[in-house]
Amino acid sequence: MSYTDDNLPIDQILCGDNLELIQQLPDSSIQLVITSPPYFQQRDYGDGMGNETNVNEYIDKLICLFRECVRVVRDDGNIVFNIGDKYQESNLLLVPYRFALAATETGLVKLVNEITWVKKNPTPRQFSRRLVSSTEPFFHFVKTDKYFYNPKAFLAKSNSPIPPKKKNGTNIGKRYYELIDESDLTEEEKLVARLELSDVIQEVKSGKIQSFRMKIRGIHAAPFGGQEGGRTSQLKNKGFTIIRIHGNKLKRDVIKMDDLIETHDVIETPVATLKGNKHPAIYPVEVVEEFLHLLTPSGALVLDPFMGSGSTAVACKNLGRHYIGYDINAKYCEYARQRVNDTPIIPKLLFENI
């Protein structure tokens, strides 16, 4: 069976070989591929990936599928792979990074980020000669620079700006006045610098901004390589630059469940467990939802070629996205479909307009 743009298996979980199934999808039909393949020799998933005799064979098989993922993703789409690592004879194989390098060496994609998932409850084992592994990487790949990206919606539940407080202190910016006097700026440049410094101090005192930083030519080093663009030019041409700080939290490349509730610098989530689940490894719906916020618009079509327990499908249903899922194990497919059916449709979607 083949599919056209008008006849895609939307909101379906199909049982079968994912490489055969994905080859039936048309080019550039998917907004996001997000998946967590069976880890190399970690668990018994039955038939399919993960049971290869050596890590190179495992990577080769993954890359065959990855090439098809690239084909079906739109030019403004994204690809996210979560890969686990493996110890072999007390040696860490660095499987995720071998895969990431092999993926970029295809020449088909760019690697935008490695986003770290911090597990809140890793497997409770005690080792005498190594530490417990408690993180896993999600690799974010793109085909072109036109990829959809909405960082404001990423970890947005508690990532609102910190409200600035009015400050009435008399010492705000005092040291910058002293540095202006000590600098080798011309008198005209010093006058302009003092005036703009006075203005930004008033913005802090009134609560308009939270804080600021000032860089002065000859006192502070210019950004290496000019990464700050206009600020480098200001430092060179005006003799100074002022950086206003509004209290927005940085969008960092780590995910932590506690931060979904509080600070959101990292994504830390418990390893998921579900009553009646047949799958030996579930990644949390909350993690998938954060990638949907970041990398897809509402109504987008998402593909998970290793659907497993159905977390990707549940996340899509929660957030108003469509999904296509594959798994070779009939029991997993049956369970995932039931899990999606049991997930209520949320009438009012949250964070869609952030």
Tell me, do L14 and P9 make a side-chain contact under 4.5 Å, heavy atoms counted?
yes

For residues 131-142, the salt bridge (charged side-chain N to carboxylate O under 4.0 Å, His left out) pairs (sequence neighbours left out) are K119-E136

Does the side chain of V302 come within less than 4.5 Å of I324's, by heavy atoms?
no

D85 and L94 have their tightest heavy-atom pair at OD1-N, 2.9 Å

L195 reachable from M214 in the ILVMFWY side-chain graph, under 4.5 Å edges:
no

Crowding at CD, E178 (>12 non-hydrogen neighbours, <6.0 Å):
yes

For the pair D304 (side chain) and G325 (backbone), establish whether a donor and an acceptor sit closer than 3.5 Å, ignoring hydrogens and angles.
no

Applying salt bridge (charged side-chain N to carboxylate O under 4.0 Å, His left out), run through D76 and K146 and close with a yes or a no.
CA-CA 5 Å; D76 64 347; K146 298 186 292 184; over 6 Å; no

Got a second to check how far I30's CD1 is from N78's CG, nearest 0.5 Å?
12.5 Å

Measure from NZ or CZ of R217 to the centre of the six-membered ring of F240 and say whether it is under 6.0 Å with the direction within 45° of the ring axis.
no

Is L101 reachable from I79 through a run of hydrophobic residues whose side-chain heavy atoms are each under 4.5 Å from the next?
no

Would you check, one step at a time, whether the test side chain to side chain contact (heavy atoms under 4.5 Å, CB included) holds for L108 with R71?
CA-CA 9 Å; L108 301 174; R71 180 185 64 80; over 6 Å; no

Okay, side chain of N82, backbone of P137: is any donor-acceptor separation there less than 3.5 Å?
yes

Heavy atoms, side chains only, cut-off 4.5 Å: are F127 and R130 in contact?
yes

Would you say E334 has more than 12 foreign heavy atoms packed within less than 6.0 Å of its CD?
no

Do the side chain of R231 and the main chain of T241 share a donor and acceptor less than 3.5 angstrom apart?
no

Test your reading of the model: is there a side-chain donor-acceptor pair from N150 to the backbone of L294, 3.5 Å cut-off?
no

Note, K238 side chain near E196 side chain (heavy atom, < 4.5 Å)
yes

Answer yes or no: is there a side-chain heavy-atom contact under 4.5 Å between Y176 and L197?
yes

Between N113 and I115, is there a donor-acceptor pair closer than 3.5 Å when you use the side chain of the first and the backbone of the second?
no

Hey, is the main chain of I13 close enough, under 3.5 Å, to the side chain of R337 for a donor-acceptor pair?
yes

If you round to the nearest 0.5 Å, how far is CD1 of I242 from CD1 of I216?
9.0 Å

Could you walk me through whether F212 and I172 pass the side chain to side chain contact (heavy atoms under 4.5 Å, CB included) check?
CA-CA 10 Å; F212 72 94; I172 299 173; 4.1 Å; yes

K143 to V70 - nearest heavy-atom pair and separation
NZ-O, 3.0 Å

Exercise: identify the closest heavy-atom pair between Y58 and E52:
CD1-OE1, 3.3 Å

For a 4.5 angstrom cut-off between non-hydrogen side-chain atoms, does P297 reach F148?
yes

Q12 and Y323: side-chain hydrogen bond (donor to acceptor under 3.5 Å, both in side chains), yes or no, with the steps?
CA-CA 7 Å; Q12 295 183 42; Y323 63 86; over 6 Å; no

Measure from the side-chain N and O atoms of N54 to the backbone N and O of E57, and report whether any donor-acceptor pair falls under 3.5 Å.
yes

Here the gap from Q24 atom CD to N7 atom CG, rounded to the nearest 0.5 Å, amounts to 11.0 Å

Measuring from atom CG of L303 to atom OG1 of T35, what distance do you get when rounded to the nearest 0.5 angstrom?
7.5 Å

Of all heavy-atom pairs between V55 and F40, which one has the smallest distance, and what is that distance?
N-CZ, 3.4 Å

Classify the angle between the aromatic ring planes of Y149 and H140 as parallel (below 30°), tilted (30 to 60°) or perpendicular (above 60°).
parallel

Heavy-atom nearest pair, T53 first then Q41, reads O-NE2, 3.4 Å

Quick check against the 3.5 Å criterion: does K317 have a side-chain atom that pairs as donor or acceptor with the backbone of P344?
no

Test of understanding: clusters of I, L, V, M, F, W, Y form through side-chain heavy atoms closer than 4.5 Å, transitively. Do I63 and Y97 belong to the same one?
yes

Using ring-ring contact (aromatic ring centres under 6.0 Å, His included) as the criterion, point out the one residue from F139, F138, F66 that pairs with F81.
F66

Could you go through K190 and E182, starting from their C-alpha distance and side-chain angles, then the distance that decides it, and tell me whether this counts as salt bridge (charged side-chain N to carboxylate O under 4.0 Å, His left out)?
CA-CA 10 Å; K190 288 181 179 180; E182 296 170 10; over 6 Å; no

Contact check, side chains of V33 and P305, non-hydrogen atoms, under 4.5 Å:
yes

Indicate yes or no for a side-chain donor-acceptor contact from R339 to the backbone of S309 under 3.5 Å, with no hydrogens or angles considered.
yes

Ignoring hydrogens and angles, tell me if any N or O in the side chain of K110 forms a donor-acceptor pair with the backbone of F141 under 3.5 Å.
no

Report the C-alpha separation of I22 and Y326 in whole Å, then their side-chain angles, then the decisive distance to 0.1 Å, and conclude whether the side chain to side chain contact (heavy atoms under 4.5 Å, CB included) test is met.
CA-CA 9 Å; I22 196 172; Y326 306 142; 3.9 Å; yes

C15 side, atom SG; M307 side, atom CE - distance, nearest 0.5 Å
12.5 Å

First locate atom CG of L25, then atom SG of C69, and finally report the distance between them rounded to the nearest 0.5 Å.
9.5 Å

Under the criterion side chain to side chain contact (heavy atoms under 4.5 Å, CB included), I'd like the reasoning laid out for I245 against I209: C-alpha separation, chi angles, the key distance, then a yes or no.
CA-CA 6 Å; I245 300 171; I209 62 174; over 6 Å; no

Would you say L65 and L111 are hydrophobically clustered, going by side-chain heavy atoms of ILVMFWY under 4.5 Å?
yes

Does any donor atom in the side chain of S211 or R213 lie under 3.5 Å from an acceptor atom in the other side chain?
yes

Taking the side chain as every heavy atom from C-beta outward, state whether S311 and V314 have any atom pair closer than 4.5 Å.
no

Taking all non-hydrogen atoms of both residues into account, name the closest pair between R321 and L292 and its distance.
NH2-O, 3.3 Å

